[in-house]
Amino acid sequence: TAEALVWTQARGDNRQSLESDPTFGEYKGSNVIMVQMEAFQNFMIGKSIGGQEITPNLNKLVKESAYFSQFYHQTAQGRTSDADFLSNCSLQPMMSGSVFIQYANHQYNCMPGTLKNNGYTTAAFHAYEGGFWNRNTMYANIGYDTFYSKKNYQIDEPIGWSLGDTSFFRQSSDIIAQQQQPFYSFLITLSSHYPFTIQDSEKKLNVGELDGTLMGDYLQAIHYVDASLGTFIERLKAEGLWDNTIVAMYGDHDNSIRDWSLFEKFLGQPLSDLQREMILKQVPFIVHLPDGKYAGTHTNVGGQLDVTPTILHLLGISTADMTLLGQPLITSQPQSKLVVQRNGAFTDGTVYYMPSGDAVAENGKCWNIAANALGDVGKCLGAVEDARTELSMSDQIVQHDLIASFRAAAVEASADGGDATAANTN
Ligand code: GP9
């Protein structure tokens with residue numbers, strides 16, 4: 001416990017050192033809307049097929065927002081639930097299974113609970129069975145006041161597993177607009193779930209030779225979701241929320257297509273192992289700020305672990321004493337950092353390490369990203385131990401409920417008149 005506390009406190013100290021940056025608290029009191037987009041990969045941004053833009057609405061939003069072009073999902077077997085845990089709770093997922101299912105009753109410093117403690121109305125929105133991924137239990141534990149699941153929606157636009165995203169956003173907006181401010185609303189889309197079955201009438205793209213393939217269907221589904229997001233943004237503007245709300249969006253994980261010939265056909269080029277990894281792991285992260293500040297492409301590297309520290313930093317809520325693994329990505333001088341994958345792969349934005357076999361073994365491959373070429377493995381080995389430590393510390397914190405122990409120790413220390421570090425509670 002003591003070793004994990006010292007390790008996690010060092011990350012808190014780093015975040016605390018950034019509290020003197022002018023970005024800390026720049027959007028204090030803003031509402032927060034965060035959209036987790038199903039299977040939305042970064043390689044969709046800015047792309048066209050047959051002269052038609054696939055994501056015209058997000059392409060426009062990207063220009064008006066802080067857009068992170070080197071941002072990675074860090075999910076494992078827990079897929080959508082891992083993305084949610086990483087992004088809202090800033091801890092690594094399990095090597096196998098899902099924290100939402102295995103450790104739903106443990107204590108965490110997740111964003112909904114933190115915002116609730118700071119006077120926010122907190123709600124999660126997802127038009128599927130509330131018990132899926134054990135969300136009913138997990139969401140109550142991590143601080144959502146309300147979870148609007150399938151039973152709260154009229155299924156008036158059936159698509160794929162459940163309700164189409166256009167209706168999902170419309171019905172969610174009806175609720176969001178009525179919420180007491182400030183609020184945190186977390187929405188999870190669904191219409192672009194594998195195998196991307198949307199109605200023919202909603203397939204608006206001419207995908208040419210990809211017609212009838214999984215990739216063709218993926219492009220159609222992403223185009224549909226992009227249009228849904230466009231209507232959602234218009235609605236937020238009409239409700240007067242656009243100018244007092246931080247709107248963040250990120251893709252949860254890859255699209256599960258494993259036939260690389262389909263990617264190569266779409267992109268019109270053969271892909272190296274590194275390029276395949278980038279396509280699989282990179283998702284867009286877009287943060288629209290109320291005044292449109294910090295708009296443009298940000299090339300500093302980041303991952304889903306950094307989402308909650310980024311938002312809380314902008315709101316001026318100190319995370320110095322919280323057990324969070326990530327760092328704020330929007331600061332006046334972006335820091336270099338390591339993005340660690342559950343399988344032991346990692347990147348600092350210049351090199352990408354791919355382990356072979358066992359997680360974080362030292363016999364992996366070290367890619368030079370700019371050169372798209374294998375480089376000297378020695379360029380990566382210095383960080384292998386850091387990646388290994390991050391994964392094992394996170395596992396200990398989650399599996400042994402160490403945040404509860406840190407809190408108990410802090411309470412005891414403060415009763416003894418000592419320094420009450422790690423005293424934050426959800
Ligand atoms: C269902 C949705 C899909 O609620 O979250 O989860 P996934 O299969 O992508 O993990």
Side-chain angles (χ1 to χ4, degrees), residues 34-42 44 72-89 91-104 110-112 123-142 144 146-155 157-169 171-172 185-198 214-215 217-218 220-222 224-225 228-229 248-258 279-285 303-304 307 341-343:
M34 190 150 86
V35 183
Q36 176 169 300
M37 304 180 291
E38 174 64 33
F40 211 115
Q41 295 183 222
N42 194 43
M44 287 287 86
Y72 293 81
H73 81 80
Q74 297 171 281
T75 67
Q77 286 181 353
R79 301 293 280 169
T80 295
S81 70
D82 282 353
D84 191 340
F85 184 64
L86 279 149
S87 305
N88 276 296
C89 306
L91 287 165
Q92 287 277 1
M94 290 290 104
M95 177 76 106
S96 62
S98 161
V99 175
F100 271 37
I101 291 172
Q102 293 168 285
Y103 302 105
C110 305
M111 185 149 68
F125 302 79
H126 181 54
Y128 195 57
E129 308 299 342
F132 197 79
W133 284 127
N134 203 25
R135 285 185 175 105
N136 283 331
T137 306
M138 186 69 175
Y139 283 175
N141 180 34
I142 64 175
Y144 287 110
T146 318
F147 171 29
Y148 299 96
S149 65
K150 187 175 182 182
K151 65 179 178 359
N152 301 99
Y153 291 83
Q154 281 201 343
I155 308 301
E157 187 201 3
I159 287 186
W161 286 21
S162 180
L163 178 65
D165 286 348
T166 302
S167 178
F168 166 64
F169 280 122
Q171 295 184 55
S172 302
S185 297
F186 177 58
L187 295 86
I188 305 174
T189 71
L190 191 53
S191 297
S192 44
H193 196 284
Y194 184 94
F196 323 115
T197 40
I198 64 171
L214 267 177
M215 184 61 78
D217 289 348
Y218 178 62
Q220 299 284 13
I222 289 294
Y224 164 82
V225 174
S228 305
L229 284 162
M249 301 184 184
Y250 61 88
D252 62 354
H253 51 63
D254 62 82
N255 62 14
S256 309
I257 300 177
R258 291 294 178 271
I279 286 170
L280 271 182
K281 299 288 187 198
Q282 286 188 346
V283 291
F285 179 41
Q304 287 167 333
V307 169
Q341 296 289 346
R342 183 66 258 192
N343 69 348

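Counting begins at 1 with the first residue of the sequence. Order of listing sets the numbers, starting from 1, for every ligand and every atom in it.
- In terms of polar-atom proximity, defined here as any N/O pair under 3.5 Å, Arg135 does make such a contact with ligand 1.
- Distance CG/Asp252 to OG1/Thr80: 4.0 Å, rounded to 0.5 Å.
- Interface atoms of ligand 1 facing His253, defined by a heavy-atom separation under 4.0 Å, are 9 (O).
- At a cut-off of 3.5 Å, with distance as the only test, a side-chain donor of Tyr250 or Gln36 sits close to an acceptor on the other residue.
- Interface of Arg79 with ligand 1, defined as ligand atoms under 4.0 Å from a residue heavy atom, comprises 10 (O).
- The ring-ring contact (aromatic ring centres under 6.0 Å, His included) test with Phe125 is passed by exactly one of Tyr148, Phe186, Tyr144, Phe169: Tyr148.
- Taking every heavy atom of Phe132 and a limit of under 4.0 angstrom, the matching atoms of ligand 1 come to 1 (C), 4 (O), 6 (O).
- Counting protein heavy atoms only, atom 8 (O) of ligand 1 is closest to His193 NE2, 2.8 Å.
- Atoms CZ and CG, from Phe196 and Asn255 in turn, are 4.5 Å apart once rounded to the nearest 0.5 Å.
- Of all atoms in ligand 1, listed by their number and element, those nearer than 4.0 Å to a heavy atom of Tyr128 are 1 (C), 4 (O).
- For the ring-ring contact (aromatic ring centres under 6.0 Å, His included) criterion with Tyr128, the lone passing option out of Trp161, Phe147, Tyr153, Trp133 is Trp161.
- Residue, atom and distance of the protein heavy atom nearest to atom 6 (O) of ligand 1 are Thr80 OG1, 3.0 Å.
- Exactly one of Ser228, Ser191, Ser192 qualifies for a side-chain hydrogen bond (donor to acceptor under 3.5 Å, both in side chains) with Asp165. That residue is Ser191.
- Residue contacts with ligand 1 include Leu190, since one or more of its heavy atoms lies under 4.0 Å from the ligand.
- For the atom pair CG of Leu214 and OH of Tyr194, the computed distance is 4.5 Å after rounding to the nearest 0.5 Å.
- Judged by the shortest distance from any of its heavy atoms, Trp133 lies inside the 4.0 Å radius around the atoms of ligand 1.
- On a distance-only criterion, Glu38 and ligand 1 share at least one N/O pair closer than 3.5 Å.
- Here the protein heavy atom with the shortest distance to atom 4 (O) of ligand 1 is His126 NE2, 2.6 Å.
- No donor-acceptor contact under 3.5 angstrom links the side chains of Asn141 and Tyr103, judged on distance only.
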